[in-house]
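All residue numbers in this chain count up from 1 along the given sequence. Keep in mind it's a predicted model, so treat the numbers as computed, not measured.
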Amino acid sequence: MNRLPDLGDWTDRVELRRIQDAQLEVLLAAAARSPFYARRGLPLSRAALGEYPLTSKKDLRDAYPYGFLAVDKARLATYHESSGSSGTPTASYYTAADWQDLADRYARKHIGIRADDTFLVKTPYSLMITGHLAHAAARSRGATVVPADNRSLAMPYAKVVRLLHDLGVTLTWSLATDTLLWAAAARMRGLDPGRDFPELRALFVGGDPLGPNKKRRIAEMWGAPVVEEYGATETGSLAGECPYGRLHLWADRALFEVHDPVTGVTRPDGSGQLVVTPLYREAMPLLRYNTEDAVEVSDVDCSCGWALPVVRVLGRSAWTIGELTQVGVDELVFGLPSAYEVLFWRARASSSALHMQIEGPADAASELRESVGKAYGIEARVEALPVGSLVPARLLTAEPEVMKPRGLFREGEDWDKALEYF
């Protein structure tokens, strides 16, 4: 593989184009060794790539497990599968060289990872890439990693709060919504998230939609900046936040397009589903892969000086109902006055109405009902529920017993736990 572009390459659109064109030749040569693309045929130029069929999630599922493999299997470093949040999981795999690119892209934070950081990673390790990605990036910078995971019953919210507090954690990586749950769990322990975690200097978040209102509320609660990241298991990090709060696509490492699923038109920018061609990919080349994530992409000048497209992530297309999007409703909820202390909500949409529930006072429900009607022109029924109705206290305070599989018990012990972990 060619050398990886450095920071200076981000500020010059002509240089970006040169990097893309040079690396595309390497990528197409790798794709020729993939059984899937060998059967489909390959574009011979960047212009021809624009007419090439999109690679779909169905293509990845149909080729399970190694139909996209472009290197000898002995060269693989890791194998992963996606979360399956919008359907059946998809497989992906990476070489050691692929991992150099993956870790480097993740570490591109305007609040950098340092050797003196204690970095709590609270995203999945099992099969998904996200936990391993942050772990590898942090270790490459010399940081101490706390591998918390968020799919393990051994790491409940109360335990996260204890580790954040007792270890003096300086950086975290999680879903944005997880930081709200930690805050609620901290308060149940009598801790103030904004006062009692003085070592915390940034919250890295990704994996669920995040709008300005929610981001602002999280930062205010914790007294620390929130730094957004966007990517996928099949691709790794695709975008990172600049110092001015905009999310930029890593156009020196991938080609990006936007696909309109209604018209079938694919363009360099606009609204639709994000299509990506990762340029530094040995094990599993992907050409025009449709992530199916709903985005808005624009090529605008930013005060940061990065010559990289700006992206607004609206969420998975499967989470969009008509004009309603997860991030859109989220923004209305977190646009309520913070004095209401509304953190948790859920909603169910029909063709003409929205039924919502929030943990908060009746005044908050009334204001939210009005704002939903104004924003979407639909009737909203918003119920105000007591705190603990949507997120039970036991979920925030429990530290479940963790066992090793056991077969031998004393008289009086509960042997129904035989061979269980929890």
Side-chain angles (χ1 to χ4, degrees), residues 1 4 27 30-31 33-37 55-108 119 121-140 145 147-152 155 173-175 178 204-208 229-240 250 253-254 274-293 313 316 318:
M1 302 295 281
L4 299 179
L27 176 69
R33 298 187 289 270
S34 160
F36 176 84
Y37 291 117
T55 301
S56 67
K57 289 183 180 289
K58 182 179 184 302
D59 291 330
L60 267 61
R61 292 169 188 141
D62 290 347
Y64 169 87
Y66 289 118
F68 281 79
L69 185 64
V71 298
D72 189 293
K73 196 184 295 185
R75 291 192 56 211
L76 292 183
T78 59
Y79 170 91
H80 303 272
E81 292 183 3
S82 66
S83 65
S85 58
S86 58
T88 306
T90 57
S92 60
Y93 20 88
Y94 298 93
T95 65
D98 291 335
W99 267 101
Q100 180 188 354
D101 169 49
L102 290 169
D104 182 78
R105 273 187 280 151
Y106 180 88
R108 291 175 159 186
F119 189 9
V121 178
K122 190 68 169 70
T123 60
Y125 277 75
S126 55
L127 278 185
M128 293 175 66
I129 197 175
T130 171
H132 301 277
L133 179 57
H135 193 125
R139 289 300 307 127
S140 75
V145 177
D149 192 31
N150 79 343
R151 298 298 174 93
S152 170
M155 191 53 61
W173 167 235
S174 70
L175 296 168
D178 266 0
F204 297 162
V205 300
D208 57 347
E229 168 93 8
Y230 166 61
T233 289
E234 301 94 332
T235 61
S237 298
L238 295 175
W250 300 131
R253 300 292 178 86
L274 188 68
V275 173
V276 57
T277 301
L279 292 171
Y280 291 82
R281 190 75 180 270
E282 287 187 327
M284 187 179 170
L286 291 173
L287 303 179
R288 305 191 83 200
Y289 173 60
N290 186 1
T291 66
E292 298 182 7
D293 286 347
V313 182
R316 294 289 168 90

Taking [X] for the side chain and [Y] for the main chain, is one N or O donor matched with an acceptor at less than 3.5 Å?
{"X": "Thr95", "Y": "Leu76", "value": "no"}
{"X": "Tyr280", "Y": "Leu27", "value": "no"}
{"X": "Tyr93", "Y": "Pro65", "value": "yes"}
{"X": "Ser237", "Y": "Arg105", "value": "no"}
{"X": "Asp101", "Y": "Arg281", "value": "no"}
{"X": "His80", "Y": "Ser92", "value": "no"}
{"X": "Lys122", "Y": "Asp149", "value": "yes"}

**OP:** Check the pair His132, Thr130 against side-chain hydrogen bond (donor to acceptor under 3.5 Å, both in side chains), reporting the backbone distance first and the verdict last.
**Re:** CA-CA 6 Å; His132 301 277; Thr130 171; over 6 Å; no
Original post:
At what distance, to the nearest 0.5 angstrom, does CG of Asp208 lie from CG of Leu175?
Top reply: 4.5 Å
Original post:
When rounded to the nearest 0.5 angstrom, what is the spacing between CD in Glu292 and NZ in Lys58?
Top reply: 12.0 Å
Which atom of [X] lies closest to which atom of [Y], heavy atoms considered:
{"X": "Leu60", "Y": "Ala91", "answer": "CD2-O, 4.2 Å"}
{"X": "Ala96", "Y": "Ala77", "answer": "N-CB, 3.8 Å"}
{"X": "Ser126", "Y": "Arg151", "answer": "OG-CB, 4.3 Å"}
{"X": "Pro278", "Y": "Ala254", "answer": "CA-CB, 3.9 Å"}
{"X": "Gly236", "Y": "Leu133", "answer": "CA-CD2, 4.5 Å"}
{"X": "Trp173", "Y": "Ala134", "answer": "CD1-CB, 3.2 Å"}

Original post:
After noting the C-alpha distance and the side-chain angles of Ser56 and Asn290, does the key distance pass the side-chain contact (heavy atoms from CB on, under 4.5 Å) rule?
Top reply: CA-CA 5 Å; Ser56 67; Asn290 186 1; 5.5 Å; no
**OP:** Decide side-chain contact (heavy atoms from CB on, under 4.5 Å) for Thr277 and Tyr289; before the verdict, give the C-alpha distance in whole Å, the side-chain angles of both, and the deciding distance to 0.1 Å.
**Re:** CA-CA 6 Å; Thr277 301; Tyr289 173 60; over 6 Å; no
**OP:** Check the pair Glu234, Thr90 against side-chain hydrogen bond (donor to acceptor under 3.5 Å, both in side chains), reporting the backbone distance first and the verdict last.
**Re:** CA-CA 8 Å; Glu234 301 94 332; Thr90 57; 2.7 Å; yes
Original post:
Passes side-chain contact (heavy atoms from CB on, under 4.5 Å), Thr291 versus Val275? Steps please.
Top reply: CA-CA 6 Å; Thr291 66; Val275 173; over 6 Å; no
Original post:
Step by step, would you call Asp59 with Phe36 a side-chain contact (heavy atoms from CB on, under 4.5 Å)?
Top reply: CA-CA 9 Å; Asp59 291 330; Phe36 176 84; 3.7 Å; yes
Within-4.5 Å side-chain heavy-atom neighbours: [X] and [Y]:
{"X": "Arg139", "Y": "Val145", "result": "yes"}
{"X": "Glu282", "Y": "Tyr94", "result": "no"}
{"X": "Phe68", "Y": "Pro285", "result": "no"}

Original post:
Will you find, in the side chains of Asn150 and Tyr125, an N or O donor that is under 3.5 Å from an N or O acceptor?
Top reply: no
**OP:** Show your reasoning for whether salt bridge (charged side-chain N to carboxylate O under 4.0 Å, His left out) applies to Arg253 and Asp104.
**Re:** CA-CA 10 Å; Arg253 300 292 178 86; Asp104 182 78; 2.6 Å; yes
